[in-house]
Structure formats: structure tokens, C-alpha cells
Amino acid sequence: MKNKFRWKKAMAMLMVLALVLVSVTACGEEKGDGKSAEGKRYVEITVKDYGTMRVELDADVAPITVENFISLAKDGFYDGLTFHRIISGFMIQGGDPSGNGTGGSDKTIKGEFSSNGVENNLSHKRGVISMARSGDPDSASSQFFIMHQDTPSLDGQYAAFGKVTDGIEIVDKICEDTPVIDNNGTVQDGKQPIIEEIKVLDLN
């Protein structure tokens, strides 16, 4: 009888321990919004004469895009490039080594958006950063744009991959200051705001 009682008591303790372990594991895997902190990366975009924007990148939403952007930034690819296309009330676009919307880095990446078969629930709202591309859904390279105002019509068509968390007023000022020469937002060479640096922040 004593052995039977001890066996039941031991089983009950094991069940409690199992429940505790499950709870601890769940708490370790999630943070508030259910996303792992592992998927967040941070960069600072410094624009000459305007200041620095801090941007949170979400690799849970667009891992290929974030990896490509981080790699280019670490290599110094963006340093000295410009914002060549600016449409107030819409977005500012940059990251083209040609400075006219025709260039890019030496590789292209898969477009991470729903019309290209990839789930991406990050909407193109004010401050969101996304990848520019041509008609080919897998043609994104180095060019990116930052939303000046909400434009949900872009959702599902372009790979949004993060958002400005500090310094969005810099986008406002760029849109206010920069003259364009056509309805497409083309900025003449010499008047394009200069990206001094995109710095990857290591917060780990």
C-alpha cells in the first residue's frame, strides 16, 4: 500500500513539473505580440543636413529582404548614395548607385509579398520601409522606400520589411524641402538628399 501511495505521489509531482516546464518554455518563446525578439534588427539611417532615423527591421515578416538590407549596410554599400525619388504624401526612395532609379547591387532577391506567394502582413503605413522593384516580382536589389503617408494599395505588391521608430519627421522635412522636376518625384542630381551612412546596430 505504501509503495502504491508513493508511486501516485511521484506521478503527481512529475505532472506538476511538466506543466511548469511548458509554461516557462512558452514565456521564453513569446514577447507580447507573439514574435520572437530574435526577428528584430535595428539600423540607423543618417541623412546629410537632416539627422538620423532609427529603423526596426522585421525578419519574421521578410527574412530574405532583411538579410539583404543588413548585408548591404554592413558592407557600406549605401554610404554616400541618395534619395533620388521623392513624392510628398507618398514616399521617399533611395539606395540606387546610379542615382536615377535604374541601378542596384550585384544581386536581386525574391519579393516577399502575397502576390508573389509570400505571406507579409506588414501594411504600407506612414514610416514603413519597403523594397522598390521593377515589373519582375523578384527584381528587388538595393533600392528601398520609406512611406511618408499611409498607402495600403501597395500591400501585397511590395516587400515591406520594417518601420521607422524614431526620426520620421526627417521624412517630412525631406518631402517639404526637396524640389522635384516631374509628377514621378524625380530629383535632379546635386539636389538629392544624401545618405551619409546606414549603420547596423548590434543590441545583443
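Every heavy atom of this structure was used, including side-chain atoms; hydrogens, water molecules and symmetry mates were not.
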Enter the distance from [X]:[atom1] to [Y]:[atom2] here, rounded to the nearest 0.5 Å.
X      : Y      : atom1 : atom2 : answer
Phe113 : Arg133 : CZ    : CZ    : 4.0 Å
Thr108 : Met131 : OG1   : CE    : 10.0 Å
Ile146 : Ile129 : CD1   : CD1   : 5.0 Å
Glu197 : Ile45  : CD    : CD1   : 11.0 Å
Met147 : Ile168 : CE    : CD1   : 10.0 Å
Ile174 : Glu169 : CD1   : CD    : 10.5 Å

Shortest non-hydrogen contact from [X] to [Y]?
X      : Y      : answer
Met53  : Ile170 : CG-CD1, 3.8 Å
Pro179 : Lys191 : CG-CD, 4.0 Å
Thr178 : Pro193 : OG1-CG, 3.6 Å
Ala160 : Leu122 : CB-O, 3.5 Å
Leu72  : Ser105 : CD2-CB, 3.9 Å
Ile181 : Gln188 : CG2-CG, 3.6 Å

Following the transitive rule for hydrophobic clusters with a side-chain heavy-atom cut-off under 4.5 Å over Ile, Leu, Val, Met, Phe, Trp and Tyr, establish whether [X] and [Y] coincide in one cluster.
X      : Y      : answer
Ile70  : Ile195 : yes
Leu57  : Val47  : yes
Val118 : Tyr158 : no
Val200 : Val164 : yes
Phe83  : Val128 : no

Listing, residues 61-68 side-chain donor-acceptor contacts under 3.5 Å, not counting sequence neighbours, or none:
unit_1	atom_1	unit_2	atom_2	d
Thr65	OG1	Glu112	OE1	2.6
Asn68	ND2	Ser141	O	2.8

**Study point:** Test item: Phe77 and Ser71 side chains (from C-beta on) under 4.5 Å apart, heavy atoms
**Key:** no

Can any side-chain N or O of [X] pair as donor or acceptor with the backbone N or O of [Y] at less than 3.5 Å?
X      : Y      : answer
Thr52  : Thr46  : no
Gln143 : Gly103 : yes
Gln93  : Phe145 : no
Glu56  : Lys40  : no
Asp96  : Gly101 : yes

Restricting to side-chain hydrogen bond (donor to acceptor under 3.5 Å, both in side chains), what partner residues turn up for [X], sequence neighbours left out?
X      : value
Ser114 : none
Ser142 : none
Asp182 : Thr186

Review point. Can you list every pair that meets side-chain hydrogen bond (donor to acceptor under 3.5 Å, both in side chains) and has a residue in residues 144-153, with sequence neighbours left out?
Key: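 The answer is His148-Asp172.
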
The criterion is side-chain contact (heavy atoms from CB on, under 4.5 Å); which residues satisfy it with [X], sequence neighbours excluded?
X      : answer
Asp166 : Arg54
Asp138 : Lys110, Asn116, Asp136
Thr102 : Ser98, Asn100
Ile87  : Arg85, Phe90, Met91

Study note, to complete from the structure: With sequence neighbours left out, the residues meeting ring pair (Phe, Tyr, Trp, His ring centres under 6.0 Å) with Phe69 are Tyr78, Phe144, Phe161

Exercise for review: Determine whether more than 12 heavy atoms belonging to other residues, nucleotides or ligands lie under 6.0 Å from atom CG of Asn183.
Suggested key: no

Exercise for review: Could you walk me through whether Ile92 and Cys175 pass side chain to side chain contact (heavy atoms under 4.5 Å, CB included), step by step?
Suggested key: CA-CA 8 Å; Ile92 64 173; Cys175 287; 3.7 Å; yes

Practice item. Check which hydrophobic residues are tied to Ile194 through side-chain heavy-atom contacts below 4.5 Å, counting indirect links as well, and list them. Key: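 Result for Ile194 is none, singleton.
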
Practice item. Kindly write out the residues that satisfy salt bridge (charged side-chain N to carboxylate O under 4.0 Å, His left out) with Glu119, not counting sequence neighbours, or none if the list is empty. Key: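 Glu119 satisfies salt bridge (charged side-chain N to carboxylate O under 4.0 Å, His left out) with no other residue.
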
